[in-house]
Asks: 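Pasting a structure here, questions to come.
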Number of protein chains: 2
Amino acid sequence: MTDATPSEADELPREAAILDHAARLFYERGYGTVGMRTIAEVVGVRASSLYHYFASKTDLLYQICLGVARDFIDELLPILSGPEPYAERMADFLRRHIELRWQRRHWISTAQQELRALAPDQAAEVAGLLRAYQRSVQAFIEQGAASGAFQVADPRLAGIALLDMVNGVNSWYRPAGARSLEEIATAYSGLAVYNLLGARRAGPPDAESSRAS
Amino acid sequence: MTDATPSEADELPREAAILDHAARLFYERGYGTVGMRTIAEVVGVRASSLYHYFASKTDLLYQICLGVARDFIDELLPILSGPEPYAERMADFLRRHIELRWQRRHWISTAQQELRALAPDQAAEVAGLLRAYQRSVQAFIEQGAASGAFQVADPRLAGIALLDMVNGVNSWYRPAGARSLEEIATAYSGLAVYNLLGARRAGPPDAESSRAS
DNA sequence: GTCTATAGAACGATAGAC
DNA sequence: GTCTATCGTTCTATAGAC
């Protein structure tokens, strides 16, 4: 820790600060509506200075999309490989997924909504990473269903339904609301694991005995 | 039926055709990235001609958002007031909701993603309509839970989870895929009603006896 | 590494002929 | 109702001084 922990984009190295400010603006106004002058103004430089760090506006977008896609893969997928029971791993994963999505909402929303502005090969690269993340979740659910931990007719469909459900949180959650994000994340992962995936509460995956209510 | 049924935007009255082409372009490229010249080119006129029908680019966006929000309210909410059991009404509603969302994907996506480009009062008007639609679904689930048709701990949360889940279909469904939209809509409404909302399969809402498996 | 200055194109919107 | 012509602005991106 050679520096004080930076909590604002302005305290980051300039290159990272530019990306963070750009992601925030793209999130708030849409990629097409935001000009390089606006990004530069928020960063505190002239527009031409941005081109010292990034080749073009689409390059900015590309770095944002690529970076956040890799972050989700690196930070969250390992949870699914832990030693805990399927239902517990899934619930942990979903809580972290929901919380990370909110923390990085400017980046992840940009990656999911503005890919169309990238060149085809760059868009395909990012889309591939996002798809790999989704498929890992689907594969985990398939394994859980095969092991009997999840009771679900169509694991692939349930997986995508589950992700769409939790991904919606960012569109309506507001910090000023009645519930904290942690409460929402816990309630949602419960809904997902016990209702949508049909996991049984408590007990090992192959237990047939206990049934509350 | 005084005219042949128009299936392309070009066969609609010009004003409607402009809106449909604009919605498609906004959907494909984002509001900020699409220029009035591009819209005009697709319609087959010069940019200045668009101003005979609409006052500005934001007016185009406003008409799109307002129109589709009203359509969903008028066409789908009546289903929830039918005489059928709660689970059946909900399943019907969700199937129709999923199918209408796909049919009108250019419009509804624009309404949900590009509201930020509208003037505050116009954005608030549209957001109010979309929120009213969502709240009607939540209220229906609350009634169903109170009547015992749905077994769900938090009806409000379940309602928003359910809508986020079905609203995700447009982001991954492709007509060339393995499953038809009708199959997906049926599978999804089953997941929503019987898993997420905990409705019991068949039998009247207050029956406590039958339990499959 | 940031600046001024600007090229060259595209933007939203308007005026006025037909 | 559609056109041509154009106004004034803004856009991405570059050149070159410091």
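In this text, all values refer to a predicted model and were calculated from it rather than measured experimentally. So that the names make sense, note that chain A is the first sequence line, chain B the second, and so on, each numbered from 1.
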Asks: For the side chain of Asp20(B) and the backbone of Ala16(B), is there at least one donor-acceptor N/O pair under 3.5 Å apart?
Replies: no
Asks: So, OP1 or OP2 of dT2(C): does either fall under 4.0 Å of a side-chain N or O from His52(A)?
Replies: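 The answer is no; no side-chain N or O of His52(A) sits under 4.0 Å from OP1 or OP2.
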Asks: Check Asp92(B) with Arg95(B), please: is the shortest side-chain N to carboxylate O separation under 4.0 Å?
Replies: yes
Asks: Do the side chains of Arg116(B) and Glu114(B) get close enough for a salt bridge, i.e. N-O under 4.0 angstrom?
Replies: yes
Asks: Tell me, please, which residues at least two apart from Tyr62(B) pass ring pair (Phe, Tyr, Trp, His ring centres under 6.0 Å).
Replies: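 Expected list: none.
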Asks: With sequence neighbours excluded, tell me which residues meet salt bridge (charged side-chain N to carboxylate O under 4.0 Å, His left out) with Arg135(A).
Replies: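 Partners of Arg135(A) under the salt bridge (charged side-chain N to carboxylate O under 4.0 Å, His left out) test: none.
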Asks: Measure up the Phe140(A) and Tyr86(A) rings against each other and bin them: parallel (under 30°), tilted (30 to 60°), perpendicular (over 60°).
Replies: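 Tilted, since the angle between the ring planes falls between 30° and 60°.
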Asks: Under 4.0 Å from any atom of DNA chain C, heavy atoms only: list the residues of residues 109-118 of chain B that qualify, in numerical order.
Replies: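 Close to the strand, none.
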Asks: For DNA chain C, which residues of residues 21-30 of chain B approach it to below 4.0 angstrom with any heavy atom?
Replies: none
Asks: Look at the side chain of Glu183(A) and the backbone N and O of Ser180(A), then say whether any donor-acceptor pair between them is shorter than 3.5 Å.
Replies: yes
Asks: In whole angstrom, give the distance that lies between atom CD1 of Ile39(A) and atom P of dC11(D).
Replies: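 In whole Å, dC11(D) P lies 11 Å from Ile39(A) CD1.
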Asks: Is there a side-chain contact between Arg101(B) and Val169(B) (heavy atoms, below 4.5 Å)?
Replies: no
Asks: Parallel under 30°, tilted from 30 to 60°, perpendicular over 60°: which one fits the rings of Tyr133(B) and Phe93(B)?
Replies: tilted
Asks: How many whole angstroms separate atom CD of Glu41(A) from atom P of dT2(C)?
Replies: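 It is 16 Å, rounded to the nearest whole Å.
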Asks: Could you write nucleotides 3-14 of chain C as a row of B, S and -, 5' to 3', where a protein heavy atom under 4.0 Å of any base atom gives B, of only sugar-phosphate atoms gives S, and otherwise -?
Replies: BB------BBBB
Asks: Can any side-chain N or O of Gln138(A) pair as donor or acceptor with the backbone N or O of Arg156(A) at less than 3.5 Å?
Replies: yes
Asks: Roughly how bent is the helix from dG1(C)-dC18(D) to dC18(C)-dG1(D) end to end, in steps of 10 degrees, with each end axis from five pairs?
Replies: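 If I round to tens, the end axes sit 0° apart.
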Asks: Side chains of Tyr27(B) and Ile64(B): closer than 4.5 Å at any heavy-atom pair?
Replies: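 No; the side chains remain at least 4.5 Å from each other.
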Asks: Applying the side-chain contact (heavy atoms from CB on, under 4.5 Å) criterion to Tyr31(B), which one of Thr110(B), Leu118(B), Thr58(B) satisfies it?
Replies: Thr58(B)
Asks: State, yes or no, whether a side-chain contact exists between Asp164(B) and Asp164(A) at a heavy-atom distance under 4.5 Å.
Replies: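 Of all side-chain heavy-atom pairs linking Asp164(A) with Asp164(B), none is under 4.5 Å.
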